Every structure is written in structure tokens, then in C-alpha cells.
Trainee: 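Mind having a look at this structure? Questions to follow.
Below, chain A is the first sequence line, B the second, and so on; all start at residue 1. On a predicted model such as this, the values are computed, not experimentally measured, just so you know.
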Amino acid sequence: MYDYNLCPQYDILCIDLKSFFASVSCRLKGLDPETTKLAVVGDTKSMGSVVLAATPELKKLGIKTGSRLFEIPARSDIFIINPSMKIYLDYSMRITEIALKYVAPEDFHQYSIDEFFMDVTHSYHLFAASPRELARKIKTEIYEETLIECAVGIGDNLLLSKVALDIEAKHMPDGIAEWRYENVVEKMWHIKPLSKFWGINKKSEKKLNQRGIFNIGDLANYPHAYLKRDFGIIGVDWHLHANGIDFSKISEKHKVHSPSIAKSQILMRDYKFSETYVVLFEHVDEVTHRMRLMHQLAKTIQFSVGTKDGHIYRKQFTIKEGTNSEDVIMKRLWQELKKIADPYALYRTISVTLTNFIPDSQKQVSLFQDVDKMLKEEALMKTIDALKVKYGQLSVMRAISCTEASTLKLREGLIAGHKR
DNA sequence: TCTGGGGTCCTAGGACCC
DNA sequence: TCTGGGGTCCTAGGACCC
């Protein structure tokens with residue numbers, strides 16, 4: 001058994017913005033997220049598009065995140081909306097600013113666009129009598145400023161706050177739940193199925209079930225040596241988590257160990273191998289563009305194409321000096337892919353990821369490179385990047401994107417960024 | 001079963017160097 | 001010629017999160 005006296009005892013808040021995309025989209029239309037049936041979908045024009053967010057009233061009809069557009073009944077009281085990412089980001093940033101009135105930046109961690117952690121151990125007493133009272137205060141302030149509801153989990157560590165949020169706070173009338181070490185047995189051990197618990201998905205759930213582990217209590221009481229043997233570090237973490245223990249600190253969450261930039265896509269129809277070239281090039285263009293805005297060079301490039309029957313051809317390669325050139329990457333990528341992929345198969349998925357970054361100030365020029373040519377290419381890339389930032393991704397595109405294989409959406413009346 | 005997309009981390013094996 | 005340890009980097013594959 002573990003001794004909780006030796007475990008860190010913080011006051012952590014984990015805050016989740018309720019049905020965030022759907023709520024913001026309601027507010028933009030002057031609708032009340034609590035009573036409106038609204039779904040935000042990837043693309044309202046495509047029936048197979050997935051639901052990114054749904055209001056609680058729509059969820060009651062069985063529609064949830066991940067549902068398909070065609071599953072939503074055609075009814076006049078249901079709104080179906082395209083996402084407005086810029087506006088969601090703006091809301092998210094305004095809410096972050098509110099949170100930062102109550103903690104120092106190093107005690108704040110943005111987990112995702114609609115979820116964040118705050119370590120209020122040292123600051124709550126400046127604003128409230130208890131962490132719970134501060135949670136109420138922040139919750140109210142977020143609502144007053146943005147008309148967005150949120151739920152708050154409070155715990156002795158990050159894991160407890162997160163699980164309190166997911167399992168309890170989201171279902172409480174006041175949207176707040178507080179779990180401390182002494183509540184672990186009563187609040188956590190009955191959780192079932194295992195995949196409801198943070199860090200355990202269906203696949204692992206199945207493997208654990210095979211060992212007779214069905215709820216979190218079973219996991220907490222299972223000999224941890226066996227978990228370690230069979231699942232490695234993750235197994236050890238599960239055992240600690242099932243006992244409510246988590247040693248991570250918010251201040252450590254700030255360092256991202258291996259950042260990456262990815263673009264992946266499920267294609268709308270079967271693609272012949274030769275056609276994947278166009279889409280891969282578009283993906284490479286986009287990820288390199290994003291990377292250049294971050295002033296980075298990638299050393300490692302990972303890519304994959306998947307066939308309709310689920311076979312994935314994937315590979316990664318490393319360029320020692322690092323690069324931000326789409327031509328360099330695409331040339332090598334295609335060369336490698338031709339070696340491994342089936343030229344006669346039909347493809348449905350594509351992905352390109354850049355990782356292993358170094359700052360672009362470290363760019364090395366080889367003695368044999370044509371410096372003039374290189375500078376010209378760089379100037380061109382910069383111009384194109386600036387155009388894309390100003391006029392959007394579609395303002396500049398390759399000639400191959402005018403082929404039928406392209407997945408970029410051509411906008412009517414817009415040619416090379418100029419309105420007619 | 002399936003037509004989402006972006007991101008992080010872990011493991012294991014191999015190559016290479018000291 | 002055989003043996004061995006430790007460290008770093010690379011690649012392939014897998015899992016999970018929002």
C-alpha cells in the first residue's frame with residue numbers, strides 16, 4: 001500500500017469549458033447553449049463529416065462527438081454549424097486571461113483548447129477561503145465575461161483533479177467536484193468500465209479485463225509487479241493512478257519533450273497510388289509552412305499512406321542538417337514511399353509529420369550549395385508564407401492542386417488571393 | 001464499424017562510437 | 001578472435017489524449 005503522507009499535496013483545479021465549440025457557436029447566434037440543439041461539424045456540406053461538438057440537448061438525442069453528420073435527424077430545431085476556429089481560440093484566450101488573474105503563469109497549464117489546470121496551492125488564500133470557493137469564483141467570472149459554462153475538478157494532484165472533473169464535476173448541478181486522497185476508495189475504485197478512466201483506452205481495458213481487472217479498485221489492488229512486467233512504465237503509472245497518486249507537476253508540463261507538426265487526412269474516395277503524390281505534396285506544403293512560421297527546421301520526417309483495407313505503409317527518415325524546404329522533403333519522401341508502397345493498391349488515408357526540430361538560425365550552408373539559388377528560393381518561400389498568413393492557405397497553391405486529386409477546396413471568385 | 005485531425009509518449013531493436 | 005558495457009541516434013510500431 002502507498003503512504004499518502006509521502007505524496008504531494010497540492011490544490012489543483014482542472015477546468016473544462018462545457019461543450020465548448022457548440023456553446024460558443026450558440027452564443028454567436030444569440031442562442032442559449034443550455035436549451036438549443038446545435039452541432040458543430042467538420043464540414044456541413046459533407047454528410048460523412050464528424051461532429052466536433054454538440055450541445056447537451058442534442059446529446060440527449062444520442063448525438064455525440066464523433067457521430068456522423070448523416071446520423072443527425074433533419075429537423076428544423078437542430079442547428080448544424082461549421083467550426084469558427086479563430087473565434088474559439090479567441091474565447092479560449094480570453095478565458096485563459098481570467099485564469100491568470102489567480103495564478104502565476106508557471107502554475108497554469110493549458111491542456112487543450114477547452115481544458116486547463118491551475119495550481120492554486122499558494123494563491124487561493126489571496127482570493128477565497130478555500131479552493132472550492134475560488135473554483136466557484138472563477139467559474140462565475142468566466143460565465144459573466146463570456147457566457148460560457150465550465151466544470152471544475154479539484155484534487156490533491158493533477159490526476160485527481162482531472163478524474164474528479166471527468167467522473168463527477170461534469171454531472172453535478174454546480175459543476176464542481178473535489179477529490180482528495182481520503183476519497184480515493186469511495187470515489188474512484190468503483191469506476192467501471194476501465195476506459196472511463198484517464199489514460200486507459202478500450203484496447204488496454206480489454207487486456208486488463210483478461211487479467212480479471214474490471215474496475216479501478218481491482219487495478220489498485222492488483223500486484224504492481226505484474227503490471228510492470230506486462231505493461232512497463234505504463235503499468236506502473238496505472239497502479240499509482242488507480243490509487244490516486246500522481247507525482248507530475250504543472251511546472252514540468254511546460255516543457256514539451258518532442259513537439260511535432262502533423263497533417264493527416266482520410267480521403268473522400270479511393271486514390272490511386274500516383275494520385276497520392278498531389279495530396280502528400282499539399283500536406284508537405286502545409287506542415288513546412290507552419291514550421292517556418294515557428295522558425296524551426298525539421299530533422300525527422302514521418303509519413304504514411306493507408307489502403308482501404310487498412311494496410312499502412314509508413315516510414316520515417318532523418319535529414320541531419322534539418323530542413324524547411326517542401327521540395328527537399330517531398331523529393332525524398334516520394335523516393336522512399338515508392339520503395340515500400342503497393343503501386344496498384346487504392347488508398348484512403350495520408351499523413352505527414354515533422355519532428356525533431358532545431359531553430360532555423362542554425363541552418364548550415366554547405367560549401368557546394370549554390371548560395372544565390374538558395375537565397376532566391378528562401379525569398380520565394382517567405383513571400384508565399386506571408387501571402388498565406390495574410391490571405392489564407394488557399395491564396396497560393398501549386399499547379400498540381402488544380403488536378404482532380406487535390407483535396408484543397410477551391411474558392412469561387414478567388415484566384416491567387418485576388419478577388420475578382 | 002467507421003470518412004476526423006492534431007499531438008505526445010513509450011518500447012524494442014539496430015547502428016555506431018568510446 | 002572473442003567478450004562486454006554504456007551512451008546516443010535512428011527507425012518501426014503502438015497507445016492514448018482532446
Trainee: When all nucleic acid strands are considered with a 4.0 Å heavy-atom cut-off, which category describes A/Asn356: base, sugar-phosphate, or nothing?
Mentor: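 Since only primed, P, OP1 and OP2 atoms lie under 4.0 Å of A/Asn356, the category is sugar-phosphate.
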Trainee: In this structure, how many angstroms lie between the P atom of B/dT8 and the CD1 atom of A/Ile233, rounded?
Mentor: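 Rounded to the whole Å, the gap is 19 Å.
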Trainee: Pick the nucleotide of DNA chain B nearest each of A/Ala262 and A/Leu52; which residue has the one closer to the 5' end?
Mentor: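 Looking at the nearest nucleotide for each, A/Leu52 comes out on the 5' side.
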Trainee: Report yes or no: does A/Glu336 contribute a side-chain atom to a donor-acceptor pair with the main-chain N or O of A/Leu333 at less than 3.5 Å?
Mentor: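 A pair under 3.5 Å: no.
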Trainee: What interatomic distance, in whole Å, is found between C1' of B/dC17 and the corresponding atom of C/dG4?
Mentor: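 It works out to 15 Å between them.
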Trainee: Check whether any side-chain nitrogen or oxygen of A/Lys263 sits under 4.0 Å from OP1 or OP2 of B/dG5, and answer yes or no.
Mentor: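 For B/dG5, OP1/OP2 do not have a side-chain N/O of A/Lys263 under 4.0 Å.
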Trainee: Is any side-chain heavy atom of A/Asp11 closer than 4.5 Å to one of A/Ile154?
Mentor: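 Not touching, per the 4.5 Å side-chain cut-off.
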Trainee: Hey, is the side chain of A/Ser264 poking within less than 4.0 Å of OP1 or OP2 on B/dG5, counting only N and O atoms?
Mentor: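 Negative; the distance criterion is not met.
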Trainee: At under 4.0 Å between heavy atoms, what does A/Ile261 touch on the DNA or RNA strands: base, sugar-phosphate, or nothing?
Mentor: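 It contacts sugar-phosphate atoms only.
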Trainee: Base, sugar-phosphate, or nothing: which does A/Gln302 touch, judged by heavy atoms less than 4.0 Å apart?
Mentor: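 Result for A/Gln302 = nothing.
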Trainee: Just to be sure I understand the rule, does A/Lys253 reach a base, reach only the sugar-phosphate, or reach nothing, if contact means heavy atoms closer than 4.0 Å?
Mentor: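 Touches nothing.
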Trainee: NA contact type, A/Lys162, heavy-atom cut-off 4.0 Å: base, sugar-phosphate, or nothing?
Mentor: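 Sugar-phosphate only.
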Trainee: B/dC10 C1' sits how many Å from A/Trp238 CH2, rounded?
Mentor: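 Atom-to-atom, A/Trp238 to B/dC10, this comes out as 12 Å.
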Trainee: In whole Å, I'd like the distance from the CG atom of A/Leu227 to the P atom of B/dC10.
Mentor: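 My rounded result for the distance is 17 Å.
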Trainee: Measure NE2/A/His289 against P/B/dG6 and give the value in whole Å, please.
Mentor: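 Spelled out: NE2 on A/His289 to P on B/dG6 is 14 Å.
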Trainee: Would you mind reading off the distance between A/Glu115 atom CD and B/dG6 atom P, rounded to a whole angstrom?
Mentor: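 In whole Å, B/dG6 P lies 20 Å from A/Glu115 CD.
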Trainee: Closest-nucleotide mapping onto DNA chain B: is A/Val50 or A/Ile234 further toward the 5' terminus? I mean the 5' end.
Mentor: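 Upstream on the strand: A/Val50.
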Trainee: Can a side chain N or O of A/Arg290 be found less than 4.0 Å away from OP1 or OP2 on B/dG5?
Mentor: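 A/Arg290 to B/dG5 OP1/OP2: no side-chain N or O under 4.0 Å.
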Trainee: For A/Leu267 and B/dC2, give me the distance from atom CG to atom P, rounded to whole Å.
Mentor: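 In whole Å, B/dC2 P and A/Leu267 CG are 16 Å from each other.
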Trainee: Find the distance between CZ (A/Phe21) and OG (A/Ser84) and round it off to the nearest 0.5 Å.
Mentor: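 It comes to 10.0 Å.
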Trainee: Check step by step if side chain to side chain donor-acceptor pair (under 3.5 Å) holds for A/Gln110 and A/Thr96.
Mentor: CA-CA 8 Å; A/Gln110 189 85 42; A/Thr96 298; 2.8 Å; yes
Trainee: Contact class for A/Arg68 vs. all strands (heavy atom < 4.0 Å): base, sugar-phosphate, or nothing?
Mentor: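 Here A/Arg68 touches the bases of the nucleic acid.
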Trainee: Tell me which residues in residues 188-202 of chain A put a heavy atom below 4.0 Å from DNA chain C, sorted by number, or none.
Mentor: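 Contacts with DNA chain C under 4.0 Å: A/Phe197, A/Trp198, A/Gly199, A/Ile200, A/Asn201.
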Trainee: Compare the minimum distances between each of B/dT3, C/dT11, B/dG5 and the side chain of A/Thr318, then state the nucleotide with the smallest one.
Mentor: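 Per side-chain heavy atoms of A/Thr318, the pick is C/dT11.
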Trainee: Is there a side-chain contact between A/Arg314 and A/Phe303 (heavy atoms, below 4.5 Å)?
Mentor: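 No, too far: nothing below the 4.5 Å cut-off.
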Trainee: Contact between A/Phe116 and A/Met118 at the side-chain level, heavy atoms closer than 4.5 Å - yes or no?
Mentor: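 In short, these two side chains touch, coming nearer than 4.5 Å.
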Trainee: Does atom NZ of A/Lys59 have more than 12 heavy-atom neighbours, drawn from other residues, nucleotides or ligands, at distances under 6.0 Å?
Mentor: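 Atom NZ in A/Lys59 is packed in, count exceeds 12.
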Trainee: Choosing from B/dG6, B/dT3, B/dT8, which nucleotide comes nearest the side chain of A/Met268?
Mentor: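 Of B/dG6, B/dT3, B/dT8, B/dT3 is nearest to the side chain of A/Met268.
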Trainee: For A/His311, which residues count as a side-chain contact (heavy atoms from CB on, under 4.5 Å) partner, sequence neighbours excluded?
Mentor: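 Testing A/His311 for side-chain contact (heavy atoms from CB on, under 4.5 Å), a comparison that skips the adjacent residues, returns A/Thr307, A/Tyr313.
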Trainee: Can you list everything that forms a side chain to side chain donor-acceptor pair (under 3.5 Å) with A/Tyr2? Sequence neighbours excluded, please.
Mentor: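 With neighbours one apart ignored, the set is A/His239.
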Trainee: Can you run through DNA chain C from 5' to 3' and write each base as (, ), [, ], | or . depending on how it pairs? Watson-Crick or G-U wobble, both distances under 3.5 Å.
Mentor: ....||||||||||||||
Trainee: If I take atom CD1 in residue A/Ile301 and atom P in nucleotide C/dC9, what distance separates them, rounded to the nearest angstrom?
Mentor: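 Interatomic distance, CD1 of A/Ile301 to P of C/dC9: 17 Å.
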Trainee: Do A/Arg269's NZ or CZ and the ring of A/Tyr271 fall within the cation-pi criteria of under 6.0 Å and 45°?
Mentor: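 Because its charged atom sits under 6.0 Å from the ring centre and within 45° of the axis, A/Arg269 does stack over A/Tyr271.
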Trainee: With side chains defined as the heavy atoms from C-beta onward, is the minimum distance between A/Asp156 and A/Ile12 less than 4.5 Å?
Mentor: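 Contact flag for A/Asp156/A/Ile12 side chains = no.
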Trainee: What's the closest nucleotide to the side chain of A/Ser258 if the choices are C/dC10, C/dT11, B/dC9?
Mentor: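 Minimum distance to the A/Ser258 side chain belongs to B/dC9.
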Trainee: What pairs with A/Val287 under side-chain contact (heavy atoms from CB on, under 4.5 Å), at least two apart in sequence or on another chain?
Mentor: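 For A/Val287, the residues satisfying side-chain contact (heavy atoms from CB on, under 4.5 Å) (neighbours in sequence not counted) are A/Ile261, A/Lys263, A/Arg290, A/Val352, A/Leu354.
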Trainee: Side-chain N or O of A/Gln316 less than 4.0 angstrom from OP1 or OP2 on C/dA12?
Mentor: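 So the side-chain polar atoms of A/Gln316 never come under 4.0 Å of the phosphate oxygens OP1 or OP2 of C/dA12.
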Trainee: Between A/Ile319 and A/Lys299, is any pair of side-chain heavy atoms under 4.5 Å apart?
Mentor: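 Not touching, per the 4.5 Å side-chain cut-off.
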Trainee: Using nucleotides 13-18 of chain B, report all nitrogen or oxygen pairs with the protein that are shorter than 3.5 Å.
Mentor:
none

Trainee: Tell me the interatomic distance from A/Phe303, atom CZ, to C/dC10, atom C1', rounded to whole angstroms.
Mentor: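 Those two atoms, CZ and C1', are 14 Å apart.
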